Amino acid sequence: MPLCEVFGSTSPNVSWTLPTGEELTSHAVFSNAFTLLLRLWRFNHPPFENAMGDATPVGSQLTPEYLLLVRNSKLSDFGKSPKDHMKLKRMSKNLNISLELIFMDSFPKLKSWYRQHQECIASTLTGLVQGTTVHQIVDALLNMMFRKISRGGQSLTSTTSGSSSSPASGAEDVSMRLKVPAWDILEGAPYVLDAALTACAHGRLLPRDLATGLKDLADLLPATLATIVSYLSAEVTRGIWKPVFMNGTDWPSPSANLFMVEQQIKKIIAATGVDIPSLAIGGSSPAMLPLPLAALVSLTITYKLDKASERFIVLIGPALSSLAESCPWPCMPIIASLWAQKVKRWSDFLVFSASRTVFHHNIDAVVQLLRSCFTSIPGLSPSTIYSNGGVGALLGHGFGSHFSGGMSAVAPGILYLRVHRSVRNIMFMTEEIVSLLMSSVRDIANSGLFRENLEKLKKAKFGLRYRQVSLGAATTRVQFAASLGASLVWLSGGLSLVQLLIQETLPSWFLSAHTPDQDGGEPGGLVAMLSGYALAYFVVLCGTLAWGVDSSSPTSKRRPKVLGAHLEFLASAIDGKISLGCEYATWHAYVTGFVSLMVGCTKKWVLDVNVDVLRRLSNGLRQWNEEELAIALLGLGGAEATASAAELIIEIG
């Protein structure tokens with residue numbers, strides 16, 4: 001930030017020559033520092049990419065203000081220990097580090113640019129006044145970018161708000177007028193882009209001239225790539241520009257391999273068990289992109305893939321991908337095709353990235369992918385968890401065309417890790433994951449081999465003993481499925497989704513009526529019991545991921561409210577104050593399983609619960625002949641609960 005503020009306010013009249021012979025200007029130093037700042041800020045990612053933990057998915061936390069808050073928070077705790085003193089002494093030999101608090105007001109130029117950046121995203125451009133310094137810079141930039149048009153006596157500045165045409169300037173005059181600080185160029189850049197895009201839309205500027213002009217602007221000041229990305233992205237989302245034909249004449253054409261890319265995407269999706277009949281492949285309509293998106297992709301493919309351009313591709317590449325994902329099908333395959341034509345060795349990666357677009361627009365596809373994750377887990381015996389199913393089937397062993405038969409199938413777990421951030425509505429995920437977990441439990445309990453073993457064990461001499469072993473094997477697979485469910489919940493929405501699960505989804509599930517198993521006899525009771533235990537294991541693991549097992553995590557401060565409300569629900573249902581819709585065996589297994597896991601694995605949680613709720617819950621457990629569990633629960637509840645535990649011990653003798 002200090003480098004951006006200082007060098008961005010300096011005219012590029014002075015240069016420095018490095019030992020390598022490279023000449024540096026203030027513009028070059030500013031652009032390097034500015035690009036690094038943007039990458040720290042994750043500027044090129046959409047807001048939902050930045051949402052982590054309990055962060056709201058609307059808006060980004062990783063703003064410049066947020067970076068400064070993190071810096072101030074870290075430094076406020078720094079320097080208090082001898083180890084910190086040694087570290088500070090070692091660092092001060094090379095750096096002058098200030099331990100004082102710093103805010104955005106310390107960087108007025110950066111703050112002003114950031115305000116304009118937000119305004120550019122929020123609304124269309126207004127307010128360029130003729131004759132001002134900004135207007136003069138805009139005019140000079142347009143003359144520099146579109147020299148051929150300028151030599152013809154036509155100016156593009158007439159398209160900008162409040163400006164009028166001006167005579168063309170000579171190359172030297174334009175060059176001198178652009179010897180201004182970088183912040184001044186960034187201030188005028190949005191108006192330049194608005195004029196250029198409008199001229200292209202009205203046929204006054206050829207598409208290839210637009211692309212080369214944007215490249216000239218980025219070459220003059222690489223930091224303007226940030227403005228190019230933000231402006232064009234905002235214009236795409238506004239939806240006011242007509243789409244353009246990627247016909248190979250005006251705009252680059254993807255036709256050489258678009259059909260192949262679409263086929264490979266279809267193959268990747270189908271191999272994970274996802275079927276989308278509406279996915280159009282090889283349609284007769286010509287390839288089209290929104291004008292701002294076409295301009296952005298045309299700019300990116302003008303860059304050479306060398307070390308000098310790498311940092312710019314790293315900045316605008318993810319932004320282009322994120323923007324294309326949000327556009328209708330087949331925008332992303334078109335862009336993947338264009339880049340695959342440019343860099344063939346990136347083909348596999350581009351196709352895989354393009355396949356995520358399907359899940360961005362289709363909730364049913366997300367549900368099918370989640371189902372594939374679960375069906376890849378349970379085997380028919382413990383050994384298959386790590387061979388025919390389980391971790392290997394869930395996460396796979398890589399992908400690419402180097403496998404036999406061309407592009408290999410992608411494991412569902414790997415695909416979900418790449419697409420879950422693109423899911424717009426994550427609130428429905430808890431219900432779907434609970435439903436899929438229950439379906440997995442039924443599959444495990446009703447699997448042919450498992451039921452065949454049960455029938456044989458009923459007739460065996462030591463049937464009861466071996467039946468317990470068989471039930472233990474089923475429980476292991478149920479735990480594995482529950483672990484997957486908890487991981488998916490945590491990945492999909494973090495702390496907020498875990499709290500939604502415990503506060504809303506689970507109570508609703510227990511209150512709702514569920515269709516009982518039609519198998520009759522013992523398998524039905526087994527399904528109900530395993531379902532309750534699976535839910536208990538699932539919820540405790542979700543809570544552990546969100547809050548930790550003790551009180552050391554900052555998020556553990558939110559645990560008492562959520563956990564207390566959930567145990568209040570359990571106690572009220574046991575007391576008969578709430579009528580449940582689920583099977584009794586499921587409810588019994590859930591309550592005893594949840595309390596057992598809490599007592600055995602997360603003892604600190606018990607201290608967060610109101611003592612009265614613990615007493616009511618322990619009384620209910622005692623009614624179920626779970627005296628030892630009731631005593632253990634009270635014994636962990638602090639001094640007040642310990643007295644109740646002593647009374648209970650005396651009562652039961």
Side-chain angles (χ1 to χ4, degrees), residues 1-18 22-41 43-44 62-69 71-72 94-98 100-121 125 127-129 131-145 160 169 172-194 216-231 311-312 315:
M1 289 180 176
L3 288 173
C4 292
E5 192 71 21
V6 173
F7 286 93
S9 305
T10 306
S11 298
N13 298 320
V14 181
S15 62
W16 302 269
T17 302
L18 300 179
E22 181 184 0
E23 189 173 313
L24 279 183
T25 64
S26 59
H27 279 183
V29 177
F30 169 81
S31 292
N32 285 332
F34 194 64
T35 302
L36 286 173
L37 176 62
L38 294 179
R39 292 181 64 185
L40 278 175
W41 165 24
F43 158 88
N44 53 336
L62 295 174
T63 61
E65 294 102 326
Y66 180 77
L67 292 177
L68 284 175
L69 286 174
R71 180 256 182 204
N72 293 337
N94 301 314
L95 296 172
N96 183 19
I97 300 176
S98 172
E100 296 182 0
L101 301 182
I102 299 178
F103 301 96
M104 278 293 286
D105 292 337
S106 303
F107 311 104
K109 292 290 187 180
L110 177 60
K111 183 178 180 180
S112 176
W113 171 83
Y114 182 59
R115 187 184 300 115
Q116 185 195 39
H117 164 72
Q118 291 178 308
E119 291 172 356
C120 178
I121 293 175
L125 287 172
L128 181 60
V129 180
T132 61
T133 303
V134 176
H135 177 269
Q136 294 172 2
I137 292 174
V138 170
D139 186 58
L141 286 171
L142 288 170
N143 277 287
M144 180 274 299
M145 293 165 62
T160 58
S169 305
E172 291 185 10
D173 181 41
V174 170
S175 177
M176 291 303 297
R177 288 160 63 191
L178 293 178
K179 294 286 185 181
V180 295
W183 288 122
D184 294 346
I185 294 178
L186 285 181
E187 185 179 359
Y191 299 101
V192 172
L193 297 170
D194 184 54
D216 289 341
L217 177 61
D219 289 342
L220 172 71
L221 182 67
T224 55
L225 281 171
T227 304
I228 293 173
V229 167
S230 63
Y231 173 81
R311 65 180 184 273
F312 307 129
L315 178 66

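Note that this is a predicted model, so its numbers are computed, not measured. Just so you know, residue 1 is the first one in the sequence shown, and it goes up from there. Values reported hereafter were calculated over all heavy atoms of this structure, with side chains retained and with hydrogens, waters and symmetry mates removed.
- Glu65 and Met104 get closest at one heavy-atom pair: CG-CG, 3.5 Å.
- A donor-acceptor contact shorter than 3.5 Å links the side chain of Ser26 to the backbone of Thr10.
- Inter-residue side-chain proximity for Val180 and Thr133 is flagged as unmet; no heavy-atom pair is nearer than 4.5 Å.
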Q: Check the pair Leu220, Leu141 against side-chain contact (heavy atoms from CB on, under 4.5 Å), reporting the backbone distance first and the verdict last.
A: CA-CA 9 Å; Leu220 172 71; Leu141 286 171; 3.5 Å; yes
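- Minimum interatomic distance between Leu178 and Ile185 (heavy atoms only, all atoms of both residues): O-CD1, 4.2 Å.
- For the residue pair Gly188 and Val134, the shortest heavy atom distance occurs at CA-CG1, 4.1 Å.
- Side-chain contact check for Phe30 versus Val6: every heavy-atom pair is 4.5 Å or farther apart.
- Judged by distance alone, the side chain of Ser112 and the main-chain N or O of Pro108 form no donor-acceptor pair under 3.5 Å.
- Annotation: side chain of Glu5 is not in contact with side chain of Met1 (no heavy-atom distance under 4.5 Å).
- We find the CD1-CG distance between Ile102 and Leu68 to be 7.0 Å, quoted to the nearest 0.5 Å.
- Atom CG of Leu186 and atom OG of Ser31 lie 8.0 Å apart (nearest 0.5 Å).
- Here the straight-line distance linking atom CG of Leu225 with atom CG of Asp219 works out to 8.5 Å at 0.5 Å rounding.
- Looking at Ser106 and Lys111, their side chains never come closer than 4.5 Å, going by heavy atoms from C-beta outward.
- The CG atom of Leu193 lies 6.5 Å from the CE atom of Met145; values are rounded to the nearest 0.5 Å.
- Here the options are Trp113, Phe7, Phe107, the test is ring pair (Phe, Tyr, Trp, His ring centres under 6.0 Å), and the partner is Phe34; only Trp113 passes.
- Inter-residue side-chain proximity for Leu217 and Thr227 is flagged as unmet; no heavy-atom pair is nearer than 4.5 Å.
- Annotation for Pro181 and Gly8: closest pair CB-O, 3.3 Å, computed over non-hydrogen atoms.
- Between Asp139 and Asn143, the closest side-chain pair of non-hydrogen atoms falls below 4.5 Å.
- Residues Leu37 and Leu67 have side chains in contact (heavy-atom distance under 4.5 Å, counting atoms from C-beta outward).
- Inter-residue side-chain proximity for Arg311 and Asn32 is flagged as met; some heavy-atom pair is nearer than 4.5 Å.
- Separating the CG atom in Asp184 from the CD1 atom in Ile137 is a distance of 4.5 Å, to the nearest 0.5 Å.
- The ring-ring contact (aromatic ring centres under 6.0 Å, His included) check on Tyr231 picks up nothing, with sequence neighbours excluded.
- Between Tyr114 and the choices His117, Gln116, Gln118, the side-chain hydrogen bond (donor to acceptor under 3.5 Å, both in side chains) rule is met once, by Gln118.
- Closest heavy-atom contact between Pro12 and Lys179: CD-C, 3.8 Å.
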